[in-house]
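So the structure is just underneath, and the comments pick up after that.
What you are looking at is a predicted structure, and each value in this text was computed from that prediction instead of being measured. Note: hydrogens, waters and symmetry copies are ignored here, and every other heavy atom, side chains too, is used.
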Amino acid sequence: MELAQRRLDFAELNASIAPRDAAAGAQVMRRWNDIAKPVGSLGALEQMVASIAELTGNPDVRADRRIVVVMCADNGVLAEGVASTPQDITAVMAGFIAAGKSCVCIMAGAANADVLPVDVGMARRAYGVRDEHIADGTGNIAAGAAMSREQAERAIALGMELAAECKARGYDIIATGEMGIGNTTTSSAVAAVLLGESAERVTGRGAGIDDAMLQRKVDVVKRAIEVNAPDAGDALDVLSKLGGYDIAAMAGLYIGGAIHRVPVLIDGIISSVAALVASRLCPACKVAMLASHRSAEPASGAILRALGLNALIDAQLRLGEGTGAVCALPLLDMALAVYRNMSTYGDIGAKAFIAPGEE
């Protein structure tokens with residue numbers, strides 16, 4: 001991919017992102033307020049439709065063609081015993097995704113979404129997974145940097161180009177997903193630095209670990225931050241020292257989505273951390289971000305607040321793969337069905353109902 005072969009100028013990229021189309025969003029809200037139901041009663045669903053219109057500049061919001069892009073990568077920090085699952089499972093699960101047999105594939109089928117697994121840095125290859133391989137996993141962040149700045153930029157550029165490809169293929173919305181054993185540890189380390197929070201406050205159990213392993217995970221996050229001394233004011237430095245190739249590539253999806261005016265659904269904690277990184281590199285890219293759910297991981301709510309986003313779902317999800325983002329698609333479908341097809345107050349010869357205090 002051409003972009004991945006050159007250095008990225010994030011200030012230039014940020015300047016290239018068009019601002020929100022407030023007029024399109026206002027037109028959507030006028031339509032919502034005209035529909036024969038209590039004004040504002042679909043809450044965050046109404047705002048999500050308006051946000052998509054503000055991004056695309058079109059109040060005729062479409063989400064007919066959708067794709068889940070699953071970034072697959074391994075993490076050297078697994079050597080510290082921070083997960084109950086061996087590293088080989090990354091490639092096994094990536095292969096399941098490519099074969100259409102994983103949870104995200106089954107759920108995406110129910111939501112009429114395509115799934116694209118991408119090897120951005122797995123230690124072992126998997127048949128059927130798109131090969132955009134940068135390295136055989138990251139370094140052990142408890143002992144040194146995860147990757148070089150150049151490798152981090154390559155992964156970001158890859159995500160940007162995948163967003164451009166999705167746009168060219170006619171997709172209306174992109175859902176982010178990931179697969180990589182150990183990536184809740186890298187995400188916790190990045191979140192701790194960018195949020196200015198302690199390791200204890202942002203580190204969770206991931207796919208499910210006991211108390212002793214959780215304490216080891218917290219200690220590893222602390223050691224990684226101490227060893228690497230990342231600059232909290234330089235998101236690329238934080239990403240390259242503490243992150244993963246999956247996080248970097250998803251950050252590129254958000255930036256690319258904003259540039260090409262395609263909305264991007266944030267999934268769980270790893271995807272949220274990627275969104276936080278992207279927002280620090282290119283603040284204007286937040287225009288493309290939609291929050292699907294608040295995950296069970298402790299940093300999830302804080303990250304969404306930092307992004308100024310409200311999640312549609314709070315169901316203690318922690319599966320990954322993009323499954324939480326996929327869960328938001330049927331909700332968006334139902335909102336769009338009401339938006340397009342519901343009678344207005346004018347149609348039924350009535351005045352709009354506005355709840356007390358909302359005048």
Where do Gln151 and Tyr245 land on the side-chain hydrogen bond (donor to acceptor under 3.5 Å, both in side chains) test, with the steps shown first?
-> CA-CA 8 Å; Gln151 287 173 317; Tyr245 291 114; 3.3 Å; yes

Within 6.0 Å of CZ in Phe96, more than 12 heavy atoms from elsewhere | no

Around atom CD of Glu226, are there more than 12 heavy atoms of other residues, nucleotides or ligands at under 6.0 Å?
-> no

State which residues pass side-chain hydrogen bond (donor to acceptor under 3.5 Å, both in side chains) with Asn228; sequence neighbours excluded, sorted by chain then number.
-> none

From the list Arg216, Lys217, Arg223, salt bridge (Lys or Arg N to Asp or Glu O under 4.0 Å) with Glu80 holds only for Arg223

Verify whether one side chain among Asp211 and Gln215 offers a donor that lies under 3.5 Å from an acceptor in the other.
-> no

Short question: side chain of Asp74, backbone of Ala123 - any donor-acceptor pair under 3.5 Å?
-> yes

Taking Glu54 for its side chain and Ala22 for its backbone only, find out whether a donor-acceptor pair lies under 3.5 Å.
-> no

Distance col, row Met71:CE vs Glu321:CD, nearest 0.5 angstrom, shows 15.0 Å

Answer yes or no: is there a donor N or O on one side and an acceptor on the other, between the side chain of Ser272 and the main chain of Ser300, under 3.5 Å?
-> no

Hey, is CZ on Arg318 packed in by over 12 heavy atoms from elsewhere, all under 6.0 Å?
-> no

Please identify each residue that fulfils side-chain hydrogen bond (donor to acceptor under 3.5 Å, both in side chains) with Asn183, with sequence neighbours left out.
-> Glu178, Asp246

CA sep, side-chain torsions, deciding dist, call: Ile259, Ser16, side-chain contact (heavy atoms from CB on, under 4.5 Å) | CA-CA 7 Å; Ile259 291 171; Ser16 73; 4.0 Å; yes

